[in-house]
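Read through the structure below, which is laid out as structure tokens, and then see the notes.
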Amino acid sequence: AQSVSQHNHHVILSEAASLELGCNYSYGGTVNLFWYVQYPGQHLQLLLKYFSGDPLVKGIKGFEAEFIKSKFSFNLRKPSVQWSDTAEYFCAVTADSNYQLIWGAGTKLIIKP
Amino acid sequence: EAGVAQSPRYKIIEKRQSVAFWCNPISGHATLYWYQQILGQGPKLLIQFQNNGVVDDSQLPKDRFSAERLKGVDSTLKIQPAKLEDSAVYLCASSFGRSYEQYFGPGTRLTVT
């Protein structure tokens with residue numbers, strides 16, 4: 001069965017620190033990859049997505065992610081985090097076989113001011 | 001563009017009672033999803049509609065959960081009778097098609113006592 005794993009359930013950083021959240025998936029075929037974010041009290045919203053082309057994708061609010069096919073990874077990065085980045089981040093993957101979105105368990109990011 | 005609407009936002013019921021949730025997707029979105037998100041986990045797909053037909057309901061506990069999408073627009077999800085383990089946030093999402101990004105509503109937080 002397809003699965004998505006996010007390496008850290010909780011991450012605490014200080015403002016201006018660099019961020020990298022890990023995401024690995026298990027599926028050998030073509031995939032579409034997503035990072036969603038849920039700010040406190042708000043609904044899930046798309047941060048960035050990869051369908052094809054340049055494996056380095058840029059999203060909103062300075063976030064980017066790199067698709068490394070050989071490592072089955074789609075890690076999320078931001079060079080300098082802000083207090084407003086405090087949120088829960090979810091990695092999700094759809095396989096070309098059924099388009100069902102498979103979710104990771106999420107990473108809660110807390111930025112200390 | 002208006003987002004995905006859900007109601008109610010919160011619901012508290014006793015076990016063995018019934019409850020219904022309503023979702024209005026983004027206009028023009030053919031695909032509608034219902035997810036269950038238990039605290040500390042990523043969303044789990046319950047059912048997926050393409051227009052008014054069910055595409056995937058493999059993870060829907062059909063002995064107690066039911067969903068419909070009459071006329072291919074609004075959808076309702078019902079639980080009857082509710083169990084304690086049904087306490088979760090129920091998310092509705094919609095997309096232009098099965099392979100497109102999903103847009104989420106604010107969710108309904110259900111507490112079963």
Side-chain angles (χ1 to χ4, degrees), chain A residues 1-10 21-27 29-52 57 59-60 65 74 76 87-109, chain B residues 1-10 21-26 29-51 53-60 88-110:
Chain A
Q2 299 154 18
S3 65
V4 176
S5 70
Q6 292 183 238
H7 307 155
N8 307 97
H9 289 293
H10 294 87
L21 301 181
C23 172
N24 286 89
Y25 63 92
S26 64
Y27 180 69
T30 302
V31 292
N32 296 330
L33 300 152
F34 305 83
W35 275 98
Y36 279 85
V37 61
Q38 189 166 26
Y39 296 103
Q42 298 187 27
H43 56 274
L44 279 163
Q45 54 187 287
L46 184 69
L47 200 55
L48 49 78
K49 62 186 178 186
Y50 172 81
F51 282 10
S52 63
V57 293
I60 60 173
F74 190 56
L76 181 71
E88 190 160 16
Y89 294 81
F90 292 91
C91 179
V93 177
T94 61
D96 59 353
S97 58
N98 62 14
Y99 300 112
Q100 184 183 126
L101 199 57
I102 308 298
W103 295 78
T107 298
K108 289 186 177 175
L109 175 66
Chain B
E1 148 182 288
V4 177
Q6 288 187 250
S7 68
R9 293 292 309 277
Y10 304 91
F21 311 127
W22 173 83
C23 173
N24 181 241
I26 292 173
H29 280 192
T31 313
L32 185 146
Y33 313 79
W34 282 103
Y35 289 92
Q36 180 192 59
Q37 186 177 16
I38 292 172
L39 190 66
Q41 301 179 18
K44 182 184 90 170
L45 180 69
L46 293 175
I47 189 167
Q48 178 182 337
F49 292 93
Q50 182 73 14
N51 296 308
V54 176
V55 173
D56 185 351
D57 63 356
S58 56
Q59 298 191 88
L60 186 73
V89 176
Y90 290 85
L91 299 167
C92 179
S94 70
S95 65
F96 185 72
R98 293 177 67 194
S99 62
Y100 290 79
E101 64 191 76
Q102 297 178 22
Y103 293 82
F104 285 81
T108 297
R109 184 176 297 278
L110 173 68

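Numbered from 1 within each chain, the chains take letters A, B, ... in sequence-line order.
A donor-acceptor pair shorter than 3.5 Å cannot be found between the side chains of B:E101 and A:Y36. Using modelled atom types, one finds a donor on one side chain and an acceptor on the other under 3.5 Å when comparing B:Q36 with B:Y90. Between the side chains of B:Q50 and B:T31, at least one donor N or O sits under 3.5 Å from an acceptor N or O.
Interface remark: A:Q38 contributes side-chain atoms only to the contact with chain B (heavy atom separation under 4.5 Å). Neither the backbone nor the side chain of B:Q6 comes within contact range of chain A, judged by heavy atoms closer than 4.5 Å. Interface remark: A:L44 contributes backbone and side-chain atoms alike to the contact with chain B (heavy atom separation under 4.5 Å). Proximity to chain A is absent for every atom of B:Y33, based on heavy atoms less than 4.5 angstrom apart.
Here the two rings, on A:W103 and B:F104, have centers that are under 6.0 Å apart. Aromatic pair A:F34/A:F51: ring centres closer than 6.0 Å.
The candidate with the highest count of non-hydrogen atom pairs below 4.5 Å against chain A, out of B:G40, B:G107, B:P43, is B:P43.
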